[in-house]
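In what follows, every chain begins at residue 1, and chains take the letters A, B, ... in the order their sequences are listed.
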Number of protein chains: 2
Amino acid sequence: MPFGDTFKALSDPARRQILELLKKGPLSAGDIGSHFDMTGATISYHLKVLKQADLVFERREKNYIYYQLNASVLEEIMLWVSGLKGGGTDAEGK
Amino acid sequence: MPFGDTFKALSDPARRQILELLKKGPLSAGDIGSHFDMTGATISYHLKVLKQADLVFERREKNYIYYQLNASVLEEIMLWVSGLKGGGTDAEGK
DNA sequence: ACGGTATTTAGAAAAATATCAAAATAGCTC
DNA sequence: GAGCTATTTTGATATTTTTCTAAATACCGT
């Protein structure tokens, strides 16, 4: 939650790729895993990190767990980064 | 450079705080260090990570090395995050 | 309830990261 | 050049992260 967790979650390539996959729509853990050369356990771990960072949420349906992107937290990241860009006291240099 | 390095660099709280300090203007390594409870060596390490991620650059002057924010890379981060948000069911490929 | 599939949890090992103290480098000023 | 001050590099250690295998849990259909 502390927002630092979000950057931490985004710092791993696999997790970023998972988010990109999810961009197209919800996927089950298994489907996500099929895109990677990792065991299901590892995928599950990454999913947990993403979940804890509030970047995704899950929806249980039938025998599957579908993961879905949670766009709301991305807004905070945008704000922080944008704040860094805009915050110069005087110099522009662009 | 590979852009994944940028997220990696941003994933550490101390490094993010350094960037926030730099937002107000250039600072020497020593000045930066005075805001933290870490040795100069550790600050130097973080500065190196930031530098390698192109998030800051240095300017040598007199006996000091001044560190300065490099806004250009932040743009890429914004784009990536924003792409994640905007990507509905049929977002553009990449 | 049983057998099967999907996913997670536990425990351990490997790899990467953060940190420090001590030594090295760089660039003053005299 | 000698002596300072600022910063980095080196080498070591502690912590954190990633990953695996094996075992556990969850949920479905019959």
### Query
Under 4.0 Å: is that the gap between some side-chain N or O of H46(B) and OP1 or OP2 of dT17(C)?
no

### Spacing of I32(B) atom CD1 relative to dA6(D) atom P, expressed in whole Å
14 Å

### Message
Measure CG/L47(A) against C1'/dA6(C) and give the value in whole Å, please.
### Response
13 Å

#### Entry: Side-chain N,O (T42(B)) to OP1/OP2 (dC20(C)) below 4.0 Å
yes

### Message
L55(B) vs N70(B), test: side chain to side chain contact (heavy atoms under 4.5 Å, CB included). Steps then yes/no.
### Response
CA-CA 5 Å; L55(B) 281 164; N70(B) 181 18; 5.8 Å; no

### Query
When you measure from the side chain of T39(A), which nucleotide among dC20(D), dT7(C), dT8(D) comes out closest?
dC20(D)

### Task
Could you go through the side chain to side chain contact (heavy atoms under 4.5 Å, CB included) check for E76(A) and S72(A) one step at a time?
CA-CA 8 Å; E76(A) 297 182 44; S72(A) 68; over 6 Å; no

### Message
Just to verify, which of V73(A), L74(A), L69(A) counts as forming a side-chain contact (heavy atoms from CB on, under 4.5 Å) with K85(B)?
### Response
L74(A)

### Side-chain N,O (K8(B)) to OP1/OP2 (dA16(C)) below 4.0 Å
no

### Query
What integer distance in Å separates I43(B):CD1 from dA21(C):P?
14 Å

### Task
Take the protein atom CZ of F36(A) and the nucleotide atom C1' of dC20(D), then report the distance between them rounded to whole Å.
17 Å

### Query
Any side-chain N or O of S44(A) under 4.0 Å from OP1/OP2 of dT9(C)?
no

### Task
Check every strand shown and say whether G30(B) touches a base, only sugar-phosphate, or nothing at a heavy-atom separation below 4.0 Å.
sugar-phosphate

### Message
By the 4.0 Å heavy-atom rule, please label A41(B) as base, sugar-phosphate, or nothing.
### Response
base

### Summary
Atom OH of Y45(B) and atom C1' of dT15(D) are separated, to the nearest Å, by 12 Å

### Query
In whole angstrom, what separates E58(A)'s CD from dT8(C)'s C1'?
10 Å

### Message
Short of 4.0 Å, heavy atom to strand atom, which residues of residues 10-19 of chain A count as contacting DNA chain C?
### Response
none

### Query
Which residues within residues 60-67 of chain A lie with some heavy atom under 4.0 Å of an atom in DNA chain C?
N63(A), Y64(A), I65(A), Y67(A)

### Task
With side chain to side chain contact (heavy atoms under 4.5 Å, CB included) as the test, would you mind laying out the steps for H46(B) and D12(B) before giving the verdict?
CA-CA 9 Å; H46(B) 284 307; D12(B) 186 272; 3.7 Å; yes

### Message
Could you work out how much the helix from dA1(C)-dT30(D) to dC30(C)-dG1(D) bends, comparing the axis of its first five pairs with that of its last five, to 10°?
### Response
30°

### Message
Does dA6(D) have its OP1 or OP2 closer than 4.0 Å to a side-chain nitrogen or oxygen of S28(B)?
### Response
no

### Query
Under 30°, 30 to 60°, or over 60°: which ring-plane class applies to F7(A) and F7(B), parallel, tilted or perpendicular?
tilted

### Query
Roughly how many Å is it from NZ in K51(B) to P in dT9(D), rounded to a whole number?
7 Å

